[in-house]
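Just below is one structure, and these are the notes that go with it.
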Amino acid sequence: GTEQVITVLAPIWNEKPQIAKKVRVRVLQVLQFAKSKGWRTEALPTPKDLSGGLGRQPTGGNFEAMPYADVPAFLADQLGKDETVSRLALIFTILTAARSGEVRAADWSQIDLEARTWSRPPEVMKSKVKHVVTLNEAAVAVLERAKALFGGGGLIFPAVRGGKLSDMTLSKMMRAAGHSA
């Protein structure tokens, strides 16, 4: 019932709001399945009843964007520093206006340097639709540096210990540069 679901969600409702919402959805899916099989006859708790019994969650929000006028100076500063995998990934993200997850998953098989394109497959796109990006000279230069430093096969920006860069890598670079992300 509603009371039992609230009891389960209460410990994480305000501490981990995104996880709590996912747990709520999953619990309701299980209860709906049980009802469809005839194992449950009573009405399902509504999300509104559950939320009402748990109180307001803290509001989140997106990261604050860097003012557009500050981007050229920030990019120039980054270009003047050591060429680490995470710095090159950050620069490439800025130059292509891509999401960090798309850049972290970028593979050499998606790049056509001759045509100057980056074909991102549906599975890395938020919209789940293939997208082709035309690469400017600066983005191609970053790719050429990455190829020289890290090789031309597999991930373009591999983690130091192998595999994909973590989702916090670019945020850490922004914090280290004095910008919150």
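The first residue of the sequence shown is numbered 1, and numbering continues consecutively from there. Since the model is a prediction, treat every value here as computed from it, not as a measurement. Quick note: numbers below take in every heavy atom, side chains included, and nothing from hydrogens, waters or symmetry partners.
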By side chain to side chain donor-acceptor pair (under 3.5 Å) - contacts of Thr93 (at least two apart) = none
inquiry  = Hydrophobic clustering (ILVMFWY, side-chain heavy atoms < 4.5 Å, transitive) - are Val140 and Val132 grouped together?
reply    = no
Which atom pairs, one a donor and one an acceptor, fall under 3.5 Å between side chains of residues 118-130 and the rest of the protein, sequence neighbours left out?
from: Trp118; atom 1: NE1; to: Gln110; atom 2: OE1; distance (Å): 2.9
from: Arg120; atom 1: NH1; to: Glu102; atom 2: OE1; distance (Å): 2.6
from: Arg120; atom 1: NH2; to: His131; atom 2: NE2; distance (Å): 3.4

query = Given the rule in the side-chain contact (heavy atoms from CB on, under 4.5 Å) test, do Val27 and Leu9 qualify, once you have shown the distances and angles that lead to the verdict?
reply = CA-CA 10 Å; Val27 167; Leu9 293 174; 5.6 Å; no
query = Are Phe157 and Leu113 connected in a single hydrophobic cluster, I mean Ile/Leu/Val/Met/Phe/Trp/Tyr linked by side-chain heavy atoms less than 4.5 Å apart?
reply = yes
key: Set of side chain to side chain donor-acceptor pair (under 3.5 Å) partners for Asp112, sequence neighbours left out   = none
inquiry  = Could you work out, with side chain to side chain contact (heavy atoms under 4.5 Å, CB included) as the rule, every residue matching Asp167, not counting sequence neighbours?
reply    = Arg104
ask   = What distance do Asp49 atom CG and Leu44 atom CG have between them, rounded to the nearest 0.5 Å?
value = 11.0 Å
ask   = Are Val8 and Ile12 linked, directly or through other ILVMFWY residues, by side chains that come within less than 4.5 angstrom of each other?
value = no
inquiry  = How close do Trp108 and Gly153 get, counting heavy atoms only, and between which atoms?
reply    = CD1-N, 3.5 Å
inquiry  = Tell me every residue that passes salt bridge (charged side-chain N to carboxylate O under 4.0 Å, His left out) with Glu137, counting only those two or more places apart in sequence or in another chain.
reply    = none
ask   = For the hydrophobic clusters of this structure (ILVMFWY residues joined by side-chain heavy atoms under 4.5 Å, transitively), does one cluster hold both Leu149 and Leu155?
value = no
message = Taking the side chain as everything from C-beta on, heavy atoms only, tell me whether Ile156 gets closer than 4.5 Å to Phe92.
response = no
query = Taking it one step at a time, do Gln29 and Val25 satisfy side-chain contact (heavy atoms from CB on, under 4.5 Å)?
reply = CA-CA 6 Å; Gln29 286 174 334; Val25 167; 4.0 Å; yes
inquiry  = Is the shortest side-chain heavy-atom distance between Leu75 and Leu95 below 4.5 Å?
reply    = yes
key: Results of side chain to side chain donor-acceptor pair (under 3.5 Å) for Asn136 - residues two or more places apart only   = none
remark   = Taken to the nearest 0.5 Å, the spacing of Ile111 CD1 from Leu143 CG works out to 5.0 Å
key: pair Val5-Leu31: side-chain heavy atoms closer than 4.5 Å   = yes
inquiry  = I'd like to check the ring pair (Phe, Tyr, Trp, His ring centres under 6.0 Å) partners of Phe150; sequence neighbours left out, ordered by chain and number.
reply    = none
Qualifying salt bridge (charged side-chain N to carboxylate O under 4.0 Å, His left out) pairs, either residue in residues 22-45, two or more places apart = Arg40-Glu42
inquiry  = Taking salt bridge (charged side-chain N to carboxylate O under 4.0 Å, His left out) as the cut-off, I'd like each qualifying pair that reaches into residues 65-80, sequence neighbours left out, listed once.
reply    = Asp77-Lys81
query = When rounded to the nearest 0.5 angstrom, what is the spacing between OG1 in Thr96 and CD1 in Ile91?
reply = 11.5 Å
inquiry  = Could you check whether Asp107 and Ser109, counting side-chain N and O atoms only, form a donor-acceptor pair closer than 3.5 Å?
reply    = yes
query = Roughly how far, to the nearest 0.5 Å, is the CH2 atom of Trp13 from the CD1 atom of Ile19?
reply = 12.5 Å
key: Qualifying ring pair (Phe, Tyr, Trp, His ring centres under 6.0 Å) pairs, either residue in residues 23-42, two or more places apart   = Phe33-Trp39
inquiry  = Quick check: closest heavy atoms across Val103 and Ala89, and the distance to 0.1 Å?
reply    = CG1-O, 3.7 Å
ask   = Got a second to check how far Ser100's OG is from Met168's CE, nearest 0.5 Å?
value = 10.0 Å
key: Closest non-hydrogen atom pair between Pro45 and Gly1, with its separation   = CG-C, 4.1 Å
ask   = Are Met173 and Val85 grouped together when hydrophobic residues (ILVMFWY) are joined by side-chain heavy atoms under 4.5 angstrom apart?
value = yes
message = With rounding to the nearest 0.5 angstrom, report the NZ to OG1 distance, Lys164 to Thr169.
response = 10.5 Å
inquiry  = Show me the pairs that pass salt bridge (charged side-chain N to carboxylate O under 4.0 Å, His left out) and involve residues 140-152, at least two apart or across chains.
reply    = Glu83-Arg145
task = Please list, chain by chain and in numerical order, all residues satisfying side chain to side chain contact (heavy atoms under 4.5 Å, CB included) with Ile6, sequence neighbours excluded.
result = Thr2, Leu50, Leu54
